[in-house]
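Below, all heavy atoms of this structure are taken into account, side chains as well, without hydrogens, waters or symmetry copies. These figures come from a predicted structure and were not determined experimentally. Whatever order the structure lists them in is the order used to number ligands and atoms, beginning at 1.
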Amino acid sequence: MSGKVTVLLGQVVQFRDDPFAGPPETAARHDRRGAVAVADGKILAHGPAETVLAAHPDARRIDHGDGVILPGFVDAHAHYPQTAMIASWGKRLIDWLNTYTFPEEMKFGDPAYAAEIAARYLDLLLANGTTTVASFCTIHPESVEALFQAAEARGMCVAAGKTSMDRNAPEGLRDTAQSAYDDSKALLTRWHGRGRAAYVITPRFSPTSSADQLAALGALWAEHPDCLMQTHLSEQHEEIAWVRELFPEARDYLDTYESHGLLGPGGLYGHAIHLEPREIDRLRAVDASLIHCPTSNTFIGSGLFATIDHCRAGQRVGLATDTGGGSSFSMLRTMAAAYEVGQLRGTALHPAQLLWLATEGSARALRMDDRLGTLAPGSNADLVVLDLAATPAIAQRQAQANDIWEAVFPTIMMGDDRSVAATYVQGRRVNASE
Ligand SMILES: [Zn+2]
């Protein structure tokens, strides 16, 4: 091997199986004293510390003590331009967009402002242990440039695209069917596959795109099927009724995408709460990804996603903050909200299921699990190290734990960026000095 080897020491949790497919408590391997060997930005090996150290006796060692080394968190749906207006009080979805979101998104035609927020946003993600995100941008190509440049500077794998809207949005935030196609294609050509950048074709949602615009973006996706496509689906009842008015010929909400070439593998459908049986069947048949955004769904009062049903059925499901409709940048807080939503639906998600959704599950939803979201040798060394005793309240509960799942659950429920002891991107520590 060429590069210098570094061995990170700590507790190591690595999933062997999908924890929704069998007993969750045995789905992962846990090494109480474990290690992850890293070189050239990639994972070489993981396992018991003594085995890994014996294979790499001359490696540099970084000892994280009782810290838990995991794949970096993967946030499968966010809006980085909403960073500065996160936690805006008191509206339903459509009012909230008009009152808070659209005025803020107007500012992203200014490259300097876009660059400032992109840098602030990605630094907040890294402080929270999130190493990959799929983000909407604004209609401005400048907003996409800013995010990909900021990601490139940090070595991060970021999936993003120009949000397209040609109706039901204010003056200054509308493009056209043709300009959405042209601008998206130019950005895709420039960025997709450059370093770790992944371009995502991004119609915001059916209410803000004409049939012509949806068809234009569907045509672009057909030309570039290796790209992801992200949008929103069936978040609130008012929204679904509005879609029915706007597309009277459509069988259902999903059909507004399906009939314009915007349903397929690589499609990421944010929220997907109030689905019809036909929609559930079609999404499963094409192996699309549903993205669960629990803090957003409770914050905006949208409803309760059927996590356990979709996961047990084998559907790809990602977990996401939906910043700033979501109320946190933290995937720990997001896992806690997913647990609470599960409880309100009558199912207690196991800590293994929550951690899997925030890492490998989201990577699988983004079809990136061959290169991130796991500790498999050859994967990028994008890692988070959790301190399971970051606050006095968490520490005193964790001290009573009998196994790794009981030890990690208080951090899931009560943790935040204070629980992130270290974040690594391609093997380089990014959120603290070594
Ligand atoms: Zn969203």
Side-chain angles (χ1 to χ4, degrees), residues 74-88 91-105 108 117-118 121 124-125 130 132-139 143-144 147 158-165 168-169 173 200-209 217 228-240 242-243 253-254 256-257 262 267-275 288-305 317-331 333-334 337-338 341 362 365-366:
V74 178
D75 184 344
H77 177 121
H79 301 255
Y80 97 83
Q82 298 172 15
T83 296
M85 42 77 55
I86 193 169
S88 291
K91 301 273 180 180
R92 298 291 290 172
L93 173 64
I94 307 302
D95 294 337
W96 178 88
L97 285 170
N98 287 321
T99 308
Y100 302 116
T101 308
F102 290 158
E104 179 64 19
E105 290 195 0
F108 283 74
I117 300 296
Y121 174 70
L124 281 165
L125 288 195
T130 299
T132 284
V133 65
S135 182
F136 289 62
C137 299
T138 66
I139 70 150
S143 70
V144 183
L147 186 61
V158 164
K162 181 197 116 75
T163 297
S164 298
M165 299 193 280
N168 295 319
L173 274 188
V200 189
I201 295 164
T202 307
R204 181 177 220 116
F205 65 157
S206 290
T208 51
S209 287
L217 294 173
L228 298 167
M229 188 289 300
Q230 62 185 349
T231 190
H232 297 88
L233 177 68
S234 295
E235 179 176 2
Q236 295 205 337
H237 292 298
E238 301 96 307
E239 171 208 11
I240 296 166
W242 193 19
V243 169
Y253 195 157
L254 184 66
T256 65
Y257 298 126
L262 293 170
L268 314 173
Y269 301 87
H271 305 300
I273 299 168
H274 310 287
L275 298 177
S289 300
L290 309 185
I291 312 300
H292 179 29
C293 310
T295 73
S296 172
N297 297 160
T298 54
F299 184 71
I300 312 185
S302 302
L304 307 174
F305 179 78
V317 173
L319 188 64
T321 61
D322 193 27
T323 304
S327 54
S328 176
F329 297 97
S330 168
M331 289 298 285
R333 175 72 198 106
T334 303
V341 167
S362 281
L366 301 184

Just jot down the side chain to side chain contact (heavy atoms under 4.5 Å, CB included) partners of Ile300, sequence neighbours excluded, or say none.
->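 Side chain to side chain contact (heavy atoms under 4.5 Å, CB included) check on Ile300 returns Leu93, Trp96, Glu235, Gln236, Ser296, Ser302.
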Strictly under 6.0 Å, is that where the ring centroids of His271 and Phe205 end up?
->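 Not under 6.0 Å, so no.
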Which class fits the ring pair His237 and His274: parallel under 30°, tilted 30 to 60°, perpendicular over 60°?
->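 The rings of His237 and His274 sit tilted, inter-plane angle from 30° to 60°.
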How many protein N, O or S atoms are found at a distance of less than 2.8 Å from the Zn ion (ligand 1)?
->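 My tally for this metal is 4.
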State, yes or no, whether a side-chain contact exists between Asp75 and Phe329 at a heavy-atom distance under 4.5 Å.
->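 Side chain of Asp75 against side chain of Phe329, heavy atoms only: no contact under 4.5 Å found.
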Can you check whether Tyr80 reaches Val133 side chain to side chain, under 4.5 Å on heavy atoms?
->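 In short, these two side chains do not touch, never coming nearer than 4.5 Å.
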Out of Thr231, Val144, Leu228, Leu366, which one pairs with Val200 under the side chain to side chain contact (heavy atoms under 4.5 Å, CB included) rule?
->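 The side chain to side chain contact (heavy atoms under 4.5 Å, CB included) with Val200 is passed solely by Leu228 among Thr231, Val144, Leu228, Leu366.
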